[in-house]
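Notes follow once the structure below has been shown.
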Amino acid sequence: MNHSLSIKHNNSAPAAQESVLEIWGRASLKGHVKISGAKNSALAIMAGSLLCPEDCRLRNVPALVDIGMMGEILSALGVKLERIGDTLEIDARHLNNSIAPYELVSKLRASFFALGPLLARMGEARIPLPGGCAIGARPVDLHVRGLQAMGAEVHIEHGMVHAYVKGTLSKRLKGAKIYLDYPSVGATETLMMAATLAEGETIIENAAQEPEVTDLAGFCRAMGAQIRGDGTNTIVINGVPSLHSVDYPIIPDRIEAGTFLVAGAITHSEIILSPVVPDHLIPVIAKLKDIGCQVIAEDAHSLRIVPGNLLATDIETLPYPGFPTDMQAPFMALLTLAQGNSAIAETVFENRLGHVPELNRMGADIRIKGNMALVRGVPILSGAPVMATDLRASAALVLAGLAADGKTTIQGLHHLDRGYENLEAKLQQLGAKLQRVPIDAESEVESTSEVTTELSEVSH
Ligand code: UD1
């Protein structure tokens, strides 16, 4: 079965596996960059569209590999999707399958978020366990325990989570009081979606407060769900029998915005970003100030980064409103060039320091001690061939490459394409010197010395 038949992408992300990104560092950046819709909101909201028996229109959906993959998973469940520009039309009227295919789920952990809405809508769902990933084990016990509290039977067999509502004719989940041992973003989203169609009231305590959770709650409310308390650590959902059609814009991507703020700081350049929600960036802006940069609100939806002399600082990643784990790698790239010693503690994921050896290849001085990275600032990085190990690690290497002396060549671009829409084009527009080249062409390029000219003519 060709799941992609019903999805029409007219601006999908470029295929990346066979390409490398070459960056000639130390160019000054200048100008305005447009921030795309939030990947993590869009993924959760696409899963949430399974709750809707009428038309869903999502606007400001970024063209990313992960979004395409989530589209394929929905297609496999019987959903019709059509993409026109940054709008995604979703029709989940006729779900004909409650089993998500392993080959798709194994590539995208967020596809596990389909479990809650599928179960709520169809009374049954089978989703393969997402498995481990490059940044840690990432179990799903909190999702499962919460659904069990809502009356679901859940069996995990042969790598598959089989959840169903037994007994009642209506096959509806029952509202419950759920305390999450950890404020997991994914578990909060799964349970909030499941609770929208459950009988009675669900209270999720120690819930995640991330803006993407709030965005999903806003989307569900726009379909008629009764949810309050999102954005705090207690979310209350009163189940309704069914939901209705919706037209909903996704929030701007705070992690992409944070990455461009760091791009300004690391290249000593002034950049303006919009649209953004400055409140979503409070911990990131606070750290940039500690590091010696200013972030000025131009208006309610635009920020300007004004660079300064980089100073060391300490960072601890935490659930929102703490410093986001997704910004840890980009900030580490920045702190490699700060004056003094910085300590970065990664507390959210157990294995998210894969960028450290790669940054060290570029002349950084970073030591790992448990979940801590101890960064001793150096005056300059030097371009080198490096390998991206996960999405945010790849962003860190791009940032380091922008600041480094000489040429940096980044492999493993499929990670980058999962989460940054048109990153090269956006950076080129700001004046960065970079290009994506096929690996074969890269070996040819190595043998010539005239590649630094006409970079902006490279198409993507
Ligand atoms: C989401 C984001 C990801 C971000 C992360 C933390 C999406 C698609 N991805 O991931 O970019 O880095 O939030 O902000 O939205 N955990 C458990 N049991 C569970 C669930 C999670 O132990 O049932 C643990 C995880 O292993 C991890 C921690 O909780 O150590 C945080 O995970 P979680 O908040 O669930 O992250 P995701 O939703 O996977």
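Whatever order the structure lists ligands and atoms in, that order sets their numbers, starting from 1.
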Under 4.0 Å from ligand 1, counting heavy atoms only, is it the side chain of [X], its backbone, both or neither?
{"X": "Ala187", "value": "neither"}
{"X": "Thr325", "value": "side chain"}
{"X": "Val144", "value": "neither"}
{"X": "Leu142", "value": "both"}

Do [X] and [Y] have side-chain atoms, one donor and one acceptor, less than 3.5 Å apart?
{"X": "Gln209", "Y": "Thr232", "answer": "no"}
{"X": "Thr389", "Y": "His355", "answer": "no"}
{"X": "Tyr164", "Y": "His155", "answer": "yes"}

Quiz item: Touching ligand 1 at all, Arg109? Heavy atoms, strictly under 4.0 Å?
Solution: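 Within the 4.0 Å threshold, so yes.
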Quiz item: Does ligand 1 have an atom under 4.0 Å from some heavy atom of Arg352?
Solution: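 Checking ligand 1 against Arg352, which is what was asked, there is a heavy-atom contact under 4.0 Å.
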Salt bridge or not for [X] and [Y], using N-O below 4.0 Å?
{"X": "Asp86", "Y": "Arg59", "answer": "no"}
{"X": "Asp247", "Y": "Arg57", "answer": "yes"}
{"X": "Lys287", "Y": "Asp314", "answer": "no"}

Is it the case that ligand 1 has an N or O less than 3.5 angstrom from some N or O of [X]?
{"X": "Phe113", "answer": "no"}
{"X": "Ser184", "answer": "yes"}
{"X": "Glu189", "answer": "no"}
{"X": "Val185", "answer": "yes"}
{"X": "Asp141", "answer": "yes"}
{"X": "Ala110", "answer": "no"}
{"X": "Asn40", "answer": "yes"}

Quiz item: Heavy-atom distance to atom 11 (O) of ligand 1: which of Leu318, Asp326, Leu108, Thr190 wins?
Solution: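 Ranked by closest heavy atom to atom 11 (O) of ligand 1, first place is Asp326.
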Self-check item: Option of least heavy-atom distance to atom 20 (C) of ligand 1 (set: Gly322, Gly186, Pro139, Ala208)
Solution: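 The option holding the nearest heavy atom is Pro139.
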Show the atoms of ligand 1 that are less than 4.0 angstrom away from any heavy atom in [X].
{"X": "Val348", "value": "27 (C), 28 (C), 30 (O), 31 (C)"}
{"X": "Val140", "value": "19 (C), 23 (O)"}
{"X": "Tyr182", "value": "28 (C), 29 (O), 31 (C)"}
{"X": "His143", "value": "23 (O)"}

Exercise. I would like to know whether Lys426 and Ser36 meet side-chain hydrogen bond (donor to acceptor under 3.5 Å, both in side chains); could you show each step before the answer?
Key: CA-CA 11 Å; Lys426 289 183 183 185; Ser36 299; 2.8 Å; yes
Quiz prompt | Residues Asp230, Thr188; criterion side chain to side chain contact (heavy atoms under 4.5 Å, CB included); working and verdict | solution = CA-CA 10 Å; Asp230 47 291; Thr188 302; over 6 Å; no
Quiz prompt | Check: Ile255 main-chain N/O paired with Asp326 side-chain donor or acceptor under 3.5 Å | solution =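 Side chain of Asp326 to backbone of Ile255: no pair is present.
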Which pairs of donor and acceptor atoms, one on a side chain in residues 143-153, lie under 3.5 Å apart (sequence neighbours left out)?
| unit_1 | atom_1 | unit_2 | atom_2 | d |
| --- | --- | --- | --- | --- |
| His143 | ND1 | Thr190 | OG1 | 3.0 |
| His143 | NE2 | Ala187 | N | 3.4 |
| Arg145 | NH2 | Asp181 | OD2 | 2.7 |

Exercise. Take Ser274 and Leu303 through the test side chain to side chain contact (heavy atoms under 4.5 Å, CB included) and record every step on the way to the result.
Key: CA-CA 7 Å; Ser274 73; Leu303 290 174; over 6 Å; no
Quiz item: Among all residues two or more places apart in sequence or in another chain, which pass the side chain to side chain donor-acceptor pair (under 3.5 Å) test with Asp215?
Solution: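 Checked Asp215 against side chain to side chain donor-acceptor pair (under 3.5 Å); matches are Ser41, Tyr248.
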